[in-house]
Amino acid sequence: MEAAAAAAAAAAAAAAAGGGCGSGPPPLLLSEGEQQCYSELFARCAGAAGGGPGSGPPEAARVAPGTATAAAGPVADLFRASQLPAETLHQITELCGAKRVGYFGPTQFYIALKLIAAAQSGLPVRIESIKCELPLPRFMMSKNDGEIRFGNPAELHGTKVQIPYLTTEKNSFKRMDDEDKQQETQSPTMSPLASPPSSPPHYQRVPLSHGYSKLRSSAEQMHPAPYEARQPLVQPEGSSSGGPGTKPLRHQASLIRSFSVERELQDNSSYPDEPWRITEEQREYYVNQFRSLQPDPSSFISGSVAKNFFTKSKLSIPELSYIWELSDADCDGALTLPEFCAAFHLIVARKNGYPLPEGLPPTLQPEYLQAAFPKPKWDCQLFDSYSESLPANQQPRDLNRMETSVKDMADLPVPNQDVTSDDKQALKSTINEALPKDVSEDPATPKDSNSLKARPRSRSYSSTSIEEAMKRGEDPPTPPPRPQKTHSRASSLDLNKVFQPSVPATKSGLLPPPPALPPRPCPSQSEQVSEAELLPQLSRAPSQAAESSPAKKDVLYSQPPSKPIRRKFRPENQATENQEPSTAASGPASAATMKPHPTVQKQSSKQKKAIQTAIRKNKEANAVLARLNSELQQQLKEVHQERIALENQLEQLRPVTVL
Amino acid sequence: MAVCIAVIAKENYPLYIRSTPTENELKFHYMVHTSLDVVDEKISAMGKALVDQRELYLGLLYPTEDYKLCRYGYVTNSKVKFVMVVDSSNTALRDNEIRSMFRKLHNSYTDVMCNPFYNPGDRIQSRAFDNMVTSMMIQVC
């Protein structure tokens, strides 16, 4: 509420300052920090006035900024607190126009503050001096324990002071709420830095023992007290300037502060980046998750496993890539336990809205993590007691904001049941629920890892389509089936049959058994008769040979073989006839000569017969083959002619491209 | 000092190319592109021997008429090429310095590859790599 009031007042004040530029003082350009500071002071002065028109509750200041005035009393106190000499103050009041108009409106008040700052910086109190950049005015408040200063970070005298946010208010609200949430999940004694670590120069740890109590107005005392003791909240209400009502509050705050101081002293006190500090329960959660991925806490998680795991957080890949870069300190592609915790923490922070740091924060470095958390469990009584004090202080506002952020992360998977065993408040458990993990999903990870492993592999083989086509290259198309051995045209001629018998015939010299020859009555006689009657039977032979010989070409050739056959028949038929007359004619002459050679002539004639038979058969086969050859030649000629015809057609059809 | 540093993938497309913005960047892109041919030539010439025997550092790629800008090449075992255009007007950079620069590049590239969220073949968007390249472009001068 105060934040809204201060913000509105600041915005309005700027407008008012701009609006009031027409009269008297020149337009005032305030930086963000100055605006905030001045608005706080103004609100305080206005609020502390108690009554009076427009100076009542801060809401009035918000509603009608133009009419708000700061009562003279608190303003005078404030000015005196700036420790400027009285005449300077008078000059300032004169210059800012309050004397002229008679009251301290926002315009006048801001100008006065700026002039105070100028005076404190040593510049002359002139209107011109407020045009330049000035540090914030410093007001020393002598009341209460310790000194409270608003000032530059440069002005540290051993105490670190809080600087107002230099960021936009909206972001600061968001961050503060996130920080609230974050803080609640973390140990309560984490030192205060709500700002994202990207702006570390602006934030330093505030030692709580010093007199910086950001106590709010009475409406919100309890809640922020532990926070404010540790956090530089946006709405610095400030300090002690309130009335006596704040005293008991402060006392309480100091008590709580003392606790936190003890805690702080135990912590490592040189790191300002608190959102990057891992709390105990977070640490346990991370370690449990690590164990679920990799049972041995001292070994690595490989890159692909971690990739699957972190991808579940639904952050974008470039962000995850950057987180990996930050957390994998040794760049080995694997995460040890501290590296894993750092990465996890960065993811959680990113999910909560923190921008990622430029470099790994010191609290997340592996050495620090290993040193800070040597054991997975770290009992701490003070933690528990302190955390229990938190629930009482929670504001509905923060709960609302937390719920919205939980809803944002509602798409994350169901929580890990292990972590909810801790007995922190329900808020923390919701945070844990929102964290992206699930033990039940781990069985899915091997499948995911396989599929994901396959994915980078396939990408590494980034093959173009050409290569793929080459890899899957088809075999050349099978050639058309070869023509059968049988000729379509010469189907009447079965070459197989012809060839097959010819083979055994050539080998053995035997054709299929020739027709049985009638036995020769008398080989010797037949031979003589054959020789003798060869000539006279030549005339008869041709006609007979013509009939008998299958081959036309071999008529002459076949005559001799057929002659013996024919002559055999004839002579056989006529043998008796011829033999009788021949024998009768040459009986007495040849009988004597023929008788001594009957056996020898018989054998040789038989052999001759067999040879002649074989010759005959071969000649027959030869004739057949010759005829076949002629037919095939004929077919070849025809096919050639066809081919020529087709080529001619192709030539005619082909477009004329070849030159 | 290096005025342009480029990382070329095996398939000869750029994974990362950065040049000092003072000059026309297109000119550097063109120079890197033309030097790819020279790199390929050098690889294939040496390719007859075993890959192990092939040295990673290629040295000055080819002499140009422009004596100010020298191009140096470096090939990794996975055929990823680094091309660096160096402005040699200030000091004649020694070979060793160029080699050390390439070694740093190679180490950073390896670190980028170690990141499981980096898919080989993507453009390099690692901030650490960017920082290292920036340091190289500023430092050596």
Return the OG1 to CG distance between B:T110 and A:D332, rounded to the nearest 0.5 Å.
13.0 Å

Passing option when B:R127 is tested against A:E358, A:E325, A:E319 for salt bridge (Lys or Arg N to Asp or Glu O under 4.0 Å)
A:E358

Which of B:S126, B:A9, B:A128 touches chain A most, by non-hydrogen pairs under 4.5 Å:
B:S126

Of the non-hydrogen atoms in A:S304 and B:P116, which two are nearest, and what is the gap between them?
N-CB, 4.3 Å

Do you know the tightest heavy-atom contact between B:N119 and A:K307?
OD1-NZ, 3.7 Å

Using a cut-off of 6.0 Å, state whether more than 12 heavy atoms not belonging to B:H29 lie near its atom NE2.
yes

Looking at every heavy atom in both B:F117 and A:A306, which two are closest together, and how far apart are they?
CZ-O, 4.5 Å

